[in-house]
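For reference, the structure discussed in these notes is given below.
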Protein chains: 2
Amino acid sequence: MQLHKCDVVEAAANLLDEYGIADLTMRRLARELNVSPGALYWHFANKQELLGAISDRILDGVPSARGVADVCHRLRDALLSHTDGAELVSASFAAGQSSAMKQILAVLTEAVSEVGVDSAHAELAARTVVYYVLGFTVDEQSRLQWDAAGAELPEWQSVLTDDANARFGFGLRLFVDGINVSQAIFE
Amino acid sequence: MQLHKCDVVEAAANLLDEYGIADLTMRRLARELNVSPGALYWHFANKQELLGAISDRILDGVPSARGVADVCHRLRDALLSHTDGAELVSASFAAGQSSAMKQILAVLTEAVSEVGVDSAHAELAARTVVYYVLGFTVDEQSRLQWDAAGAELPEWQSVLTDDANARFGFGLRLFVDGINVSQAIFE
DNA sequence: ACCTGAACACCGTTCAAGT
DNA sequence: ACCTGAACACCGTTCAAGT
């Protein structure tokens with residue numbers, strides 16, 4: 001039967017989860033779908049566009065969150081729930097290929113505006129927060145996956161995960177505090 | 001004559017500046033040096049290690065800066081002074097291959113400590129700042145290089161560059177303010 | 001010790017030709 | 001409209017063999 005865009009994205013997402021971003025190639029994806037490599041280029045202009053579509057799938061639902069902290073936590077959760085999710089979305093965002101990340105940026109900008117910051121500075125503050133969340137989570141995920149390959153998690157959840165949550169929250173608060181200070185100055 | 005590590009890194013840096021990170025391949029570098037591709041693997045274990053060495057070359061001098069703002073500005077300047085510098089260093093840092101970035105992290109941690117933050121939180125704050133500088137500069141550089149390829153800079157320096165400086169400084173202040181707030185709480 | 005040559009196992013992308 | 005087959009122009013890495 002016919003190949004649909006969403007089938008391709010789903011197969012790609014499965015490949016990502018099972019084998020990681022390094023093994024997510026156009027040729028391998030085509031093999032998985034039992035089509036020739038060229039077939040993918042009827043549905044997607046290039047690999048970057050496909051990666052953007054996977055990013056949007058990973059981020060499904062995140063743009064509907066409200067408030068800086070809420071958006072950031074849900075963004076991080078979404079990234080961590082797929083192998084190499086942070087790296088993939090980070091790359092797609094940098095390449096301007098993830099419309100979900102653009103929405104998230106808009107939602108964050110609005111959230112910052114509501115604290116009383118003018119819209120030009122609000123967008124800057126929102127970008128700043130996004131850089132942090134992506135950078136932190138790429139880092140966190142690479143460590144997580146690295147020692148998940150080694151010794152299999154001794155006493156999980158509490159020791160490693162909660163610590164990362166606390167670390168993430170600390171950095172996030174640094175911004176929120178910074179934003180509140182800048183708002184206090186400008187008014 | 002013999003091939004030395006530093007010659008390889010220099011040739012690689014030149015290749016980067018002239019053609020960008022996408023064309024910085026082991027094979028192309030070997031061609032430029034008039035050696036076989038395999039020769040490079042006598043001096044470097046793999047491509048990542050070589051990229052790390054280029055990163056360290058790009059960041060030469062930055063770790064000797066002092067103070068959060070000073071380090072961050074010099075880091076950004078170093079990244080912007082080479083084609084795709086931000087992307088390269090960002091990738092090397094994520095892969096744990098840049099010792100210069102580790103030094104920079106240490107310097108930033110010390111600078112934050114001196115404001116009165118305990119060392120555990122100081123390291124977190126330092127990482128947070130690094131994520132911001134790298135994220136911001138990768139973004140800035142990709143835009144810069146994108147419209148440098150298009151219309152050739154209308155009335156430079158003032159309109160584009162100064163604005164980016166101001167934007168960079170704004171995000172940076174968000175942290176420094178946030179750090180000061182957290183220090184005020186903890187003491 | 002340092003390097004060559006040649007191979008291995010792949011890539012992304014294009015495009016005439018088929019259905 | 002949608003896909004195949006085959007090609008184009010590459011990759012990173014390894015390793016026996018040479019000097």
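Keep in mind the model is a prediction, meaning the values are calculated, not measured. To find a chain, count down the sequence lines: A is the first, B the second, and so on, and within it residues start at 1.
Ion pair E140(B)/R167(B) not flagged as a salt bridge, since none of the NZ, NE, NH1 or NH2 atoms sits closer than 4.0 Å to an Asp/Glu carboxylate oxygen.
The ring of F168(B) has its center closer than 6.0 angstrom to the ring center of Y132(B).
The side chain to side chain contact (heavy atoms under 4.5 Å, CB included) test with F175(A) singles out one residue from V129(A), N180(A), V133(A), and that residue is V129(A).
A donor-acceptor contact shorter than 3.5 Å is absent between the side chain of D84(A) and the backbone of G20(A).
Remark on DNA chain C: of its neighbouring residues R31(A) and H4(B), the 5'-side contact belongs to H4(B), judged by nearest-heavy-atom nucleotide. When each of M1(B) and A39(A) is assigned the nucleotide of DNA chain C bearing its nearest heavy atom, the one mapping closer to the 5' terminus is M1(B).
If you walk DNA chain D from 5' to 3' and mark each nucleotide with an atom closer than 4.0 Å to a heavy atom of chain A, the marks span dA1(D) to dA7(D).
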Per-nucleotide pairing state of DNA chain D [Watson-Crick or G-U, under 3.5 Å; [ ] pseudoknot-crossing; | other strand]: ||.|||||...|||||.||
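Remark: T25(B), M26(B), R27(B) in residues 18-27 of chain B come within less than 4.0 Å of DNA chain D through at least one heavy atom.
The aromatic rings of F93(B) and Y131(B) are tilted relative to each other, their planes meeting at an angle between 30° and 60°.
The OG1 atom of T109(B) sits 11.5 Å away from atom CD of E114(B), with the distance rounded to the nearest 0.5 Å. We find the CH2-OG distance between W42(B) and S36(B) to be 13.0 Å, quoted to the nearest 0.5 Å. Separation of atoms CD1 (I54(B)) and NZ (K47(B)) is listed at 8.5 Å; rounding is to 0.5 Å.
Using a 4.5 Å heavy-atom cutoff, the side chains of T83(B) and Q141(B) are not in contact.
On the P atoms, dA9(C) is 24 Å away from dA9(D), given to the nearest whole Å.
Cation-pi geometry between R28(B) and Y19(B) is met: the NZ or CZ atom falls under 6.0 Å from the ring centre, inside 45° of the normal.
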